Amino acid sequence: MALDLSQIRGVLLDMDGVLWRGDEPILGAAEFIAFLSARGIPFALATNNSSRVTAEYVERCAAFNITVTAEQVVSSASVTADELSRSYPPGTPIYVVGGASLSALLTDRGFVIDPIGARVVVVGLDRAVTYEKLTFALRCLLNGAEFIGTNGDLTFPAADGLTPGAGSLIALLAAASGKSARLMGKPEPAMFRSALERLGCAAAEMLMIGDRLDTDIAGAQNAGLRTALVLTGVATRADLALPDAVQPDGVYEDLQVLQGEWGLR
């Protein structure tokens with residue numbers, strides 16, 4: 001492993017598959033966050049899950065005895081809202097395939113949900129997706145609307161196994177419309193830039209801890225961050241052995257093992 005933990009000045013952690021799976025906390029997660037706080041190491045939590053707003057993540061963390069503030073949460077939904085606000089004025093009609101939290105976040109920024117005249121279609125994780133929703137989104141895209149996806153994760157880890165992710169819905173609409181989505185979440189650079197700005201760290205001094213090779217690890221490496229894979233979510237050791245697999249700087253069974261090694265430094 002090429003990971004020198006003594007050089008790390010900030011930490012970015014994925015949530016699903018790293019801190020919890022579904023509604024179950026992962027053993028050692030709360031202790032690891034407390035470890036970072038005790039050492040004065042700034043950290044932020046990053047997630048491609050667009051189905052919750054920042055306040056919900058703060059509350060969810062608190063339920064698992066993890067103390068964070070709203071400023072320490074970077075989600076694909078918040079990055080999407082920021083990007084839309086930079087590109088379009090308030091009052092712009094949009095259409096959303098996503099959870100109620102994503103729609104509320106975007107309407108709070110002044111955007112108007114309009115399935116007929118939408119200039120932008122935003123697609124995120126939607127556990128209540130219907131054929132009608134997908135049909136409205138497709139017709140907006142065919143009428144010229146811009147296509148934005150919160151993230152490209154094809155699957156999403158739950159307590160009882162994998163479920164379809166936002167990327168599966170994006171892929172469906174891309175196939176039907178012939179248009180590619182502009183993605184906001186990992187592995188795209190926007191989320192990593194946002195985290196670096198919040199923590200005030202240089203990329204080479206920031207450690208990304210994640211459970212996915214294709215988003216957490218590949219995206220962080222492309223942004224210049226150091227990377228640690230924990231085997232509590234999607235990726236397995238078998239995945240690491242595949243011919244073209246992205247290789248993290250460190251691999252750990254879980255956060256407890258990582259904390260144990262870091263504590264020796």
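Fair warning: this is a prediction, and the values are worked out from it, not measured in the lab.
To the nearest 0.5 angstrom, F32 atom CZ is 14.0 Å from L27 atom CG. From T47, atom OG1 reaches atom CG of L13 across 11.5 Å, with rounding to the nearest 0.5 Å. Between the CD atom of Q221 and the CG atom of L213 there is a distance of 9.0 Å, given to the nearest 0.5 Å. Once rounded to the nearest 0.5 Å, the distance linking CZ of F192 with CG of D216 reads 7.0 Å. Residue E31 holds its CD atom at 9.0 Å from CD1 of I66, rounded to the nearest 0.5 Å. The CG atom of N143 lies 9.0 Å from the CD1 atom of I116; values are rounded to the nearest 0.5 Å.
If you chain together hydrophobic residues whose side chains sit under 4.5 Å apart, L125 and L19 never meet in one group. Hydrophobic clustering (side-chain heavy atoms under 4.5 Å, transitive across Ile, Leu, Val, Met, Phe, Trp, Tyr) groups L84 together with I113. No single ILVMFWY cluster, assembled from side-chain heavy atoms under 4.5 Å apart, contains both V74 and L199. Hydrophobic clustering keeps L36 apart from L12 (ILVMFWY residues linked when any side-chain heavy atoms are closer than 4.5 Å, directly or through intermediates). Residues L162 and L154 do not share a hydrophobic cluster, defined by chaining ILVMFWY side chains whose heavy atoms lie under 4.5 Å apart.
Applying side-chain contact (heavy atoms from CB on, under 4.5 Å) to R212 and the options D153, N48, L229 leaves one that passes, D153.
When all heavy atoms of V121 and C140 are compared, the pair lying nearest together is CG2-CB, 3.5 Å. Here the closest heavy-atom approach between residue C201 and residue M206 is recorded as CB-CE, 4.4 Å. Contact record, D211 with V234: OD2-N, 2.9 Å, taken as the closest heavy-atom pair. Closest of all the heavy-atom pairs between L255 and V18 is CD1-O, 3.7 Å. Shortest non-hydrogen contact noted between N49 and F156 is ND2-CZ, 3.3 Å. A pairwise comparison of heavy atoms in Q247 and L240 identifies NE2-O, 2.9 Å as the closest pair.
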Chi angles and distances behind the side-chain contact (heavy atoms from CB on, under 4.5 Å) call for L196, L225: CA-CA 10 Å; L196 289 169; L225 281 65; 4.2 Å; yes
Steps toward salt bridge (charged side-chain N to carboxylate O under 4.0 Å, His left out) verdict (D114, R119): CA-CA 9 Å; D114 180 359; R119 292 180 55 194; over 6 Å; no
Q259 vs Q256, side-chain contact (heavy atoms from CB on, under 4.5 Å): CA-CA, chis, key distance, verdict: CA-CA 5 Å; Q259 180 180 334; Q256 282 187 315; 5.8 Å; no
side-chain contact (heavy atoms from CB on, under 4.5 Å) between K186 and I217, intermediate numbers included: CA-CA 9 Å; K186 299 169 293 182; I217 305 304; over 6 Å; no
Test side-chain contact (heavy atoms from CB on, under 4.5 Å) applied to I8 and W262, step by step: CA-CA 10 Å; I8 300 302; W262 204 336; 3.8 Å; yes
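A 4.5 Å side-chain heavy-atom check between V73 and M15 finds at least one atom pair inside the cut-off. A heavy-atom distance below 4.5 Å is found between the side chains of R182 and S87. T215 is not listed as a side-chain neighbour of N151, based on a closest heavy-atom distance of 4.5 Å or more. In this structure the side chain of D160 never reaches within 4.5 angstrom of the side chain of R21, judged on heavy atoms. Contact annotation: the side chain of T135 approaches that of R139 to within less than 4.5 Å [non-hydrogen atoms, C-beta and beyond]. Contact of the L5 side chain with the L258 side chain is registered, since non-hydrogen atoms from C-beta on lie closer than 4.5 Å. Using a 4.5 Å heavy-atom threshold, the side chains of V97 and F136 count as separate. Contact annotation: the side chain of L207 approaches that of L3 to within less than 4.5 Å [non-hydrogen atoms, C-beta and beyond].
A distance-only check finds a donor-acceptor pair linking the side chain of R198 to the backbone of E71 [under 3.5 Å]. Side-chain atoms of Q72 come within 3.5 Å of backbone atoms of T69 as a donor-acceptor pair (strictly under, hydrogens ignored). For the pair S103 (side chain) and A100 (backbone), a donor-acceptor distance under 3.5 Å is absent. Counting only distance, with no hydrogens or angles, the side chain of R226 and the backbone of D249 share no donor-acceptor pair below 3.5 Å. With hydrogens and angles ignored, the 3.5 Å screen pairs no side-chain donor or acceptor of S50 with any backbone N or O of S76. Formation of a donor-acceptor pair under 3.5 Å by the D254 side chain with backbone atoms of V257 is found in this model. Side-chain N or O atoms of T155 include none that pairs as donor or acceptor with a backbone N or O of G165 at under 3.5 Å.
A 6.0 Å sphere centred on CG of D108 holds more than 12 heavy atoms belonging to other residues, nucleotides or ligands.
Here E253 pairs with R237 in a salt bridge; the nearest charged N to carboxylate O distance falls below 4.0 Å.
Defined by atom type and a distance below 3.5 Å, a donor-acceptor pair is present between the side-chain atoms of T236 and D239.
Using cut-offs of 30° and 60° on the angle between ring planes, the pair Y57 and W20 is parallel.
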